[in-house]
Amino acid sequence: MLWCFRYYCVSINHVPSVSLCVYDGAKENAVWVLLLQSATYGKVLVLDGVIQLTERDECAYQEMITHLPLSSIPNPKKVLVIGGGDGGVLREVGRHSSVEQIDICEIDKMVVDVSKQFFPEVAIGYQDPRVTLHIGDEYQMFKLGKNKIDLNTFSLLRSSGPAQELFEKPFFQSVANALRPGGVVCTQAESIWLHMHIIEDIVSNCRQIFKGSVNYAWTTVPTYPRYIMIHMNHIVSSV
């Protein structure tokens, strides 16, 4: 099963009533991390100039990418999160008592450290004893073995730039190899209003690689362009 969705990101200039730059991490590592304080949205995490989350509306994103796919399969036990260094997805995955193992792969530890310091209610997911953090190349995570993972989620900034290869056919094939039969994949899939060609490519690739249905759902996230989140679902009967 593949759940795909898009959270719509705006530039930092569009954050309402930004009153303070709390933290500006020099771009020495993989990701430039910026933290702003907004009078209306609380603390705002910005990665490479694009809003990642705000205190006020982060729940819509985290819940969407987690609970739809996990609720679509019985008794999920092993979950792999690609990206999502803020820890919010971990927090939501942890609410599922059947899950026994949660691995997360984040390319830059700075994202994790800043989230733990400034977003403790989001990063609380790291306190779950089932969670193992891996810093580095996402491709390496699929050496966990074939037919091992029940849910794989991609909480990535965007499907361009460094993350682009994680939305292409070879990577999806690696994902398919790591999933157990009947497993589920959840990934963002860009804006249905702005990136239909990208969505078509993702859906086409997934239909060639996975067996099952591809669907999408959406929710509103006020700090992202168009205020809509797209979510696509792919049921994998076998890989």
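Every heavy atom of this structure was used, including side-chain atoms; hydrogens, water molecules and symmetry mates were not.
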_Working to the nearest 0.5 angstrom, can you tell me the gap between Ile104 CD1 and Tyr126 OH?_
4.0 Å

*Indicate if Phe118 and Leu45 have the same hydrophobic cluster label, given that clusters are the connected sets of ILVMFWY residues with side-chain heavy-atom separations under 4.5 angstrom.*
yes

*Report the residues that fulfil salt bridge (charged side-chain N to carboxylate O under 4.0 Å, His left out) with Arg56, sequence neighbours left out, ordered by chain and then residue number.*
none

*asked:* Applying a strict under-4.5 Å side-chain criterion to I, L, V, M, F, W and Y, I'd like to know whether Val79 and Ile124 cluster together.
replied: no

*Give the minimum heavy-atom separation between Ser38 and Val44, together with the two atoms involved.*
CB-CG2, 4.0 Å

*Roughly how far, to the nearest 0.5 Å, is CG of Asp108 from CG of Asp113?*
9.0 Å

*List in chain and number order the residues that pass side chain to side chain contact (heavy atoms under 4.5 Å, CB included) with Ser97, two or more places apart in sequence or in another chain; answer none if no residue qualifies.*
none

*Report the residues that fulfil side chain to side chain contact (heavy atoms under 4.5 Å, CB included) with Ser204, sequence neighbours left out, ordered by chain and then residue number.*
Gln208

_Distance-minimising heavy-atom pair for His96 and Ser71_ = CE1-OG, 4.1 Å

*Output, in order, the C-alpha distance, side-chain angles, deciding distance and verdict of salt bridge (Lys or Arg N to Asp or Glu O under 4.0 Å) for Glu58 and Lys43.*
CA-CA 11 Å; Glu58 56 87 14; Lys43 288 191 288 291; over 6 Å; no

*Could you state the interatomic distance from CZ (Phe171) to OG1 (Thr187), rounded to the nearest 0.5 Å?*
8.5 Å

*Could you grab the distance from atom SG of Cys105 to atom CD1 of Ile135, nearest 0.5 Å is fine?*
7.5 Å

*Can you list the residues that meet the salt bridge (charged side-chain N to carboxylate O under 4.0 Å, His left out) rule with Glu63, with sequence neighbours excluded?*
none

_Distance in Å, Gln52 CD paired with Phe119 CZ, rounded so as to fall on 0.5 Å steps_ = 10.0 Å

*Hey, what do you get for OG1 (Thr54) to CG (Leu36), rounding to the nearest 0.5 Å?*
11.0 Å

_Pairs flagged by salt bridge (Lys or Arg N to Asp or Glu O under 4.0 Å) wherever residues 65-85 is involved - sequence neighbours left out_ = Lys77-Glu100

*Could you tell me which non-hydrogen atom of Cys186 sits nearest to which non-hydrogen atom of Pro69, and how far apart they are?*
CB-CG, 3.9 Å

_Using the side chain to side chain contact (heavy atoms under 4.5 Å, CB included) criterion, which residues pair with Glu200? Sequence neighbours excluded._
Met196

_Closest heavy-atom pair and its distance - Ile102, Val93_ = CD1-CG1, 3.6 Å

*Hey, are Asp86 and Gln62 close enough side-chain-wise for a donor-acceptor pair under 3.5 Å?*
yes

*Decide whether Asn177 and Ser174 meet the rule of one side-chain donor and one side-chain acceptor closer than 3.5 Å.*
no

